[in-house]
Amino acid sequence: MNLAELRTRLNAIDRRLIELIAERQGLATRVAEVKRATGYPTRDYQREREVLLAARTAAEALGVSPATAESILTILIRSSLATQEQAKVSAEGHGSGKSALVIGGSGKMGRWFADFIASQGFSVEVADPLPAAPGHRHRPRWQDGPLDHDLIVVATPLGITDSILADLAGRRPQGVVFDIGSLKTPLRSGLARLIEAGCNATSLHPMFGPTTELLSGRHVIFIDLGDAKALAAAQSLFASTMAERVVMGLEEHDRLISYVLGLSHALNIAFFSALAASGEAAPRLAQLSSTTFDAQLEVATLVASESPELYFEIQSLNDFGVASLDALAAAVDRLRDAVRSGNETSFIDMMRRGREYLAGRTAGRQPAATGS
């Protein structure tokens with residue numbers, strides 16, 4: 001066969017692969033139905049391990065890279081889990097006959113929440129100067145109209161969220177109110193006014209982005225403001241998902257987030273800033289890349305593509321933000337001093353302490369499904 005004929009055969013095989021994936025997705029939907037009917041959990045780590053091990057064994061027998069086979073099956077498993085999770089959320093949602101207002105629902109995370117809540121049967125209205133996504137009612141300003149919804153989600157930029165929460169307190173809506181801000185100390189005043197006004201209020205922090213489809217392995221943080229009813233109502237929205245639900249106080253949240261977000265963002269900003277100031281051409285460095293450099297560069301590239309304004313808010317508006325930056329600066333100073341002075345003992349101690357700290361990081365966690 002000539003090149004054109006070989007490519008035609010490849011195209012046909014690709015088509016068959018897509019058809020098989022579609023068939024697999026259809027079976028995943030049926031599996032979700034059986035799991036719901038029998039009370040079986042959506043995720044079965046033992047089953048995933050069996051599938052991946054079988055894929056590696058079959059691949060090796062056929063002369064295919066076992067790692068490639070595992071990678072493909074892992075993607076298909078995640079797609080299957082996403083299908084099953086979404087079916088479960090739709091089937092078990094408790095929003096039928098209820099309404100929700102998403103203030104800022106045309107933004108990225110606002111749209112995610114509007115769609116997520118709608119999938120549970122809520123009638124969703126979006127309040128945003130920008131048009132709403134198809135399927136949702138729309139009003140340009142949340143102030144122009146009644147606030148008789150069962151659920152009100154504030155998904156606005158952090159800089160204006162506190163004032164919106166305070167204004168909502170003045171209107172005293174009867175439904176459950178929560179924000180989804182990545183920081184909570186800047187929202188103290190607005191959240192306090194909601195509670196003082198007798199509103200059903202809590203606060204959420206989804207630890208994932210707007211492109212997330214599968215919530216397995218993702219965390220949603222719920223801030224306990226003393227309103228048990230509102231906290232339970234917010235948590236119930238995620239009861240049908242595989243998301244890890246974590247409850248904590250407002251102050252603790254921002255203290256921990258200063259490291260989880262603030263420190264990790266700062267580290268990557270410092271990394272690509274040092275590269276940009278180095279005078280070394282990026283293509284030249286890429287020619288000499290290593291496994292560690294490539295991994296760090298991939299994360300740094302993602303950070304660099306995010307909103308600078310949002311990342312500045314996360315750094316500057318957190319009451320606990322400076323502490324993590326001071327810790328980073330102290331660590332860099334110690335590393336630099338150890339290298340400059342040839343202090344191998346200090347350098348090794350930093351490595352040892354870090355290794356010990358990270359070794360305890362996964363204690364008590366569910367192990368990830370792998371083929372190893």
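Excluded from the calculations below are hydrogen atoms, water molecules and symmetry mates; all remaining heavy atoms, backbone and side chain alike, are included.
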Practice item. Please check if any side-chain donor atom of Asn200 sits under 3.5 Å from a side-chain acceptor atom of Gln174, or the reverse. Key: no

Check your understanding: Taking atom CD of Glu298 as the centre, does the number of heavy atoms from other residues, nucleotides or ligands within less than 6.0 Å exceed 12?
Key -> no

Point to revise | Any Gln86 side-chain heavy atom under 4.5 Å of Glu213 side chain | key: yes

Check your understanding: Do Ser79 and Gln25 touch side chain to side chain, with heavy atoms closer than 4.5 Å?
Key -> yes

Review point. Only one of Asp179, Asn318, Asp319 forms a side chain to side chain donor-acceptor pair (under 3.5 Å) with Lys184, so which one is it?
Key: Asp179

**Study point:** Over 12 foreign heavy atoms within 6.0 Å of CZ, Arg47
**Key:** no

**Study point:** Interatomic spacing from CG in Leu27 to OG1 in Thr83 - rounded to 0.5 Å
**Key:** 11.5 Å

Practice item. Determine whether Glu251 and Arg255 make a side-chain contact, defined as any pair of heavy atoms from C-beta on separated by less than 4.5 Å. Key: no

Point to revise | Within 6.0 Å of CE in Met351, more than 12 heavy atoms from elsewhere | key: no

Exercise for review: Using modelled atom types only, decide if a donor and an acceptor are shared between the side chain of Gln84 and the backbone of Val31 within a distance under 3.5 Å.
Suggested key: no

Practice item. Please name the pair of heavy atoms, one in Glu313 and one in Leu183, separated by the smallest distance, quoted to 0.1 Å. Key: O-CD1, 3.5 Å

Practice item. Over all heavy atoms of both residues, which pair between Arg137 and Ser123 is shortest? Give the atoms and the distance, please. Key: NH2-OG, 3.7 Å

**Study point:** Under 3.5 Å: donor-acceptor pair, side chain of Thr74, backbone of Glu70
**Key:** yes

Revision key, fill the gap. All heavy atoms of Phe178 vs all of Ala234, minimum pair found to be CD2-CB, 4.3 Å

Check your understanding: Do Arg284 and Gln287 have side-chain N/O donor and acceptor atoms under 3.5 Å apart?
Key -> yes

Review point. With the threshold set at 4.0 Å, does a side-chain nitrogen-carboxylate oxygen contact exist between Asp337 and Arg334?
Key: no

Review point. CZ of Arg336: more than 12 outside heavy atoms within 6.0 angstrom?
Key: yes

Check your understanding: Which is it for Phe238 and Phe116 under the ring-ring contact (aromatic ring centres under 6.0 Å, His included) test, yes or no, and what are the steps along the way?
Key -> CA-CA 10 Å; Phe238 294 87; Phe116 175 68; 4.9 Å; yes

Review point. Between the main-chain N or O of Val260 and the side-chain N or O of Ser264, is there a donor-acceptor pair closer than 3.5 Å?
Key: yes

Review point. Would you find more than 12 non-hydrogen atoms of other residues, nucleotides or ligands less than 6.0 Å from Arg30 atom CZ?
Key: no

Check your understanding: With distance as the sole test, does Ser273 use its side chain to make a donor-acceptor pair with the main-chain N or O of Ala270 at under 3.5 Å?
Key -> no

Exercise for review: Determine the sole option in Leu165, Asp162, Thr161 for which the side chain to side chain contact (heavy atoms under 4.5 Å, CB included) test with Thr156 is passed.
Suggested key: Thr161

Review point. Judged by atom type as modelled, is there a donor-acceptor pair below 3.5 Å linking the side chain of Glu85 to the main-chain atoms of Leu215?
Key: yes

Check your understanding: Counting N and O atoms only, with roles assigned by atom type, does the side chain of His138 sit under 3.5 Å from a partner on the main chain of Asp128, one being a donor and the other an acceptor?
Key -> yes

Practice item. For atom CD of Glu356, decide whether the heavy atoms of other residues, nucleotides or ligands shown that lie under 6.0 angstrom number more than 12. Key: yes

Check your understanding: Below 4.0 angstrom, N of the basic side chain to O of the carboxylate: do Glu60 and Arg56 qualify?
Key -> no

Check your understanding: Does CZ in Arg352 sit with more than 12 non-hydrogen atoms of other residues, nucleotides or ligands closer than 6.0 Å?
Key -> yes

**Study point:** Exam field: side chain Gln120 to backbone Leu237, donor-acceptor pair closer than 3.5 Å
**Key:** yes

Review point. Which heavy atom of Ala69 sits nearest a heavy atom of Ala55, and at what distance?
Key: CB-O, 3.8 Å

Review point. Is any side-chain heavy atom of Val246 closer than 4.5 Å to a side-chain heavy atom of Phe222?
Key: no

Check your understanding: From Glu306 CD over to Leu302 CG, what is the distance, rounded to the nearest 0.5 angstrom?
Key -> 7.5 Å

Review point. With a 4.5 Å limit on heavy-atom distance, are the side chains of Val124 and His149 in contact?
Key: no

Review point. Which atom pair, heavy atoms only, marks the closest approach of Phe208 to His219?
Key: CD2-O, 4.0 Å

**Study point:** Smallest separation among heavy atoms of Met350 and Ala331, with atom names
**Key:** CE-O, 3.7 Å

Review point. Would you find a donor on one side and an acceptor on the other, under 3.5 Å apart, between the side chain of Gln315 and the backbone of Gly262?
Key: yes

Check your understanding: More than 12 non-hydrogen atoms from neighbouring residues, nucleotides or ligands closer than 6.0 Å to CZ on Phe272, yes or no?
Key -> yes

Exercise for review: Verify, without hydrogens or angle tests, whether Asp254 (side chain) and Thr185 (backbone) share a donor-acceptor contact under 3.5 angstrom.
Suggested key: yes

Check your understanding: Does Ser324 reach the main-chain N or O of Ser258 with its side chain, forming a donor-acceptor pair under 3.5 Å?
Key -> yes

